[in-house]
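First up is the structure itself, then whatever we jot down about it.
Just so it is clear, the model here is predicted, and its values are computed rather than measured. Here is the naming used below: chain letters follow the sequence lines, and residue numbers restart at 1 for every chain.
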Amino acid sequence: MRMLQIHSDGFSFEAKRKALKNAEDLTEKVYKTEDSCLVNFIAAETSDETNVTGAAKTTADMIATAAEEVKETNIVVYPWVHLSETPSKPSTAMKLLKTVTKDLEKRGFNVVQVPFGWYKAFAIHCKGHPLAERSKVLDISKEIAKAADVDVTEGEDLTALQAEEKATSTFYIMETNGTVTAVKDFNFAKYKELKLYVNYETAKDRTAQEPPPHIELMKQLELVDYEPGSDAGNFRWPPRGLTLKKAIEERVTSEMVDYGAHVLQTPLIYDYQHPSLKSYLQRFPSRQYVVKSGDHDFFARFSACFGQFLLASQATISHKQLPLKLFEIAPSYRREQRGELAGMRRLRAFTMPDIHEIVADEEMAKQSVMNQIEFVEKLMNELEVSYEVSFRVLREFYERNTSFMEKIAKRIGKPIMIEVFEERYAYFVFKGEWNVVDAQNKAGCLSTVQIDVENGERFKITYVDEDGKDKYPLILHTSPSGAIERILYGVLEQAYKNMKKGQVPHLPLWMTPVQVRLAPVDDAIVDYCLEIGKTLDEAGIRYEIDDRSQTVGKKVRSAEKLWIPYIAVIGEIEQKSGELSIRRRELKDQVKMSLGDLIREIQNKTTFAPKQRLLLPHLVSKQAIFSREV
RNA sequence: GCCCCAGUGGCUUAGAGGCUAUAGCGGCUGACUUGUAAUCAGCAGGUCGCGCGUUCAAUUCGCGCCUGGGGCUCCA
């Protein structure tokens, strides 16, 4: 919608002849007033077609605001298509104008709507004060994207944004024996990291001057980097990083298969107009990417929820299949505010392993939460990061399920933070979070487990119960490991913290891109290295060969800079003896061992991880340099 | 989104209202064939983030934009 507003002393028009076949019927062809009025020339555009009522309401808002500013009660609504290069269909324009007129009348303005579809003569006399001439532009599809959905007033619930403002909550610490203490009374002496985490959540103590250390590390290790050619918060993954990313994705997927999940893939973009999605968007304060397809607007998914819910709503589900688990590695998009973005901690494009577990009722939900805690803990431990656990619970749920909460605290095995909120501001009544505290004492949430009490019904997901009747289930939303990018953030921040304590920083062996680097002493040994490489490959171990014409010292340095855990310098001695001389990063030692021993040592430490190949050429001389130093 | 800070070859960086804009790493060429964190020499590589303005003159000053970081807000 485009609009030109003129505050005028008097206004008149005369309809001459029809410009459109289906032009409005006229009661009178001439109109004239001497009173002052606010004349609004309005052109409806194609973008208004996605939501005419919304566009009309916003337009009426704009006019009313402008009228109040110039203290005007007389309004003229004048159809004027020539303001736009992308006019809507005439029917849309007519509907928009009629709705705007009615809306303004309801608000108590004197409104004259100039007939639609006629060639007209008109006379206007602009008052000439600073606010007398103004123009307005509205793209209603973008307004929708802001989730400030104008249809909300007609609907039943508030946006989550508004609801969150009202929500009040209280923070406690629950110990493993079930003792609950208010956060301010708890003795944190033995729980330094928990204190840092709680501070971050409650006191909002967030003072950092430096960039988070993981940002520099991720570039130096050539794992992931900014892409200036994309939107902010969208990153590119060179092969080393992609190897690590895929290793994590495969690890989580295999754990989910073990857990009994149905692994699937659903679309990236969804229709704004789909009825279930429309009301779900009101519940989700995150901003969306808008994708245009012809005249239609879609939004990029911000989690796997939609795809899986729509799929589940059409599936035939029996109570015998419950709990039913749907899992997906879901590339997701959230158009976070610029200032909220920070390296791998907060992105606009990220990869979220997302499982939805459909359960019959609260009892089954609680059992499933206990089950899920098992794999969440396992995966978190494999990341080799320290973490703090918190639960956010609706008071009503908490009071009804105190023993359940105590059971969780016992299972977690260390004090946990509990936030009890009075009013439900989102779809969940219960939410567990596994958080890392980074080198700047900021917290980042990785895994999360939530009990959703409203989307079963919203998406018309039903299961057939024993009695043959359709019933709405509860749904657990869970990210078993947290977003892959955020995992990398946690792992790198942990490495940096270790470094500060004087330890050698490292990546977990199972996810590190290159597990073994072979450094031949001279060119003649490269062939022998290739043979060793073949054996490593068969064993599922990722390796590369530094065949560049450089000194051994420099080859070792290069490998150390990339945090490669096993470096084997290979020369004539090794070729003759058949033994390897291995420099082990974590143990800071240098040992002789056979190839078989090396393979066994790595395999023993990585038994749980699926095999992931290195996604770049084995010969370092053939590898492009993307962002590593040497 | 708002407020603050920054942006110099691929990377790290020196510099100053003016004359041919530093240096190291990396790259290329040559020599060396190397034993556990940097071998030597030479060469190439820059519209000093983009646009507009101020000025005789702008990479340097001002404004706007883009990108990154920090704060607010918010989240996997």
Where the side chain of [X] is concerned, which of [options] is the nearest nucleotide?
X: V569(A); options: U36(B), C75(B), G70(B); answer: U36(B)
X: Y226(A); options: G69(B), G70(B), U39(B); answer: G69(B)
X: Q440(A); options: U33(B), G1(B), G70(B); answer: G70(B)
X: P212(A); options: A76(B), G69(B), U34(B); answer: G69(B)
X: L347(A); options: A76(B), U34(B), G35(B); answer: A76(B)
X: I625(A); options: C74(B), G26(B), A37(B); answer: G26(B)
X: A342(A); options: G35(B), G70(B), A37(B); answer: G70(B)
X: V630(A); options: G26(B), A37(B), A76(B); answer: G26(B)
X: K554(A); options: G26(B), U36(B), G70(B); answer: G26(B)
X: V552(A); options: U36(B), U33(B), A76(B); answer: U36(B)

Inset, instruction - Please work out if S332(A) contacts a base, only the sugar-phosphate, or nothing of the nucleic acid, heavy-atom cut-off 4.0 Å. - result: nothing
Inset, instruction - Look at all strands and tell whether G339(A) reaches a base, only sugar-phosphate, or nothing, counting heavy atoms closer than 4.0 Å. - result: base
Is there a donor and acceptor pair, one atom on the side chain of [X] and one on the base of [N], closer than 3.5 Å?
X: S549(A); N: U34(B); answer: yes
X: R348(A); N: C75(B); answer: no
X: E629(A); N: G10(B); answer: no

Report yes if a side-chain nitrogen or oxygen of [X] is closer than 4.0 Å to either non-bridging phosphate oxygen (OP1 or OP2) of [N]; otherwise report no.
X: T448(A); N: A76(B); result: no
X: R338(A); N: U73(B); result: no
X: R334(A); N: C74(B); result: no
X: R583(A); N: A37(B); result: yes

Legend entry - Between C32(B) and U39(B) - C1' atom distance, rounded Å: 8 Å
Legend entry - RNA chain B: 5'-proximal contact among K431(A) and E216(A) (nearest heavy atom): E216(A)
Partner nucleotide, any strand, of [N] [Watson-Crick/G-U, under 3.5 Å]:
N: C56(B); value: G18(B)
N: G45(B); value: none
N: C32(B); value: none
N: G1(B); value: C72(B)
N: G64(B); value: C50(B)
N: G26(B); value: none

Inset, instruction - Kindly determine whether F299(A) and Y289(A) satisfy ring-ring contact (aromatic ring centres under 6.0 Å, His included), including the steps that lead there. - result: CA-CA 6 Å; F299(A) 65 91; Y289(A) 273 100; over 10 Å; no
Salt bridge present between [X] and [Y] (N-O < 4.0 angstrom):
X: E601(A); Y: R584(A); result: yes
X: R392(A); Y: E201(A); result: yes
X: R517(A); Y: E544(A); result: yes

Legend entry - Spacing of Y427(A) atom OH and E454(A) atom CD [to the nearest 0.5 Å]: 9.5 Å
Legend entry - Check: H618(A) ring centre within less than 6.0 Å of Y543(A) ring centre: yes
Inset, instruction - Determine if F350(A) stacks with A76(B); use a centre-to-centre distance below 5.5 Å and an interplanar angle below 30° as the criteria. - result: yes
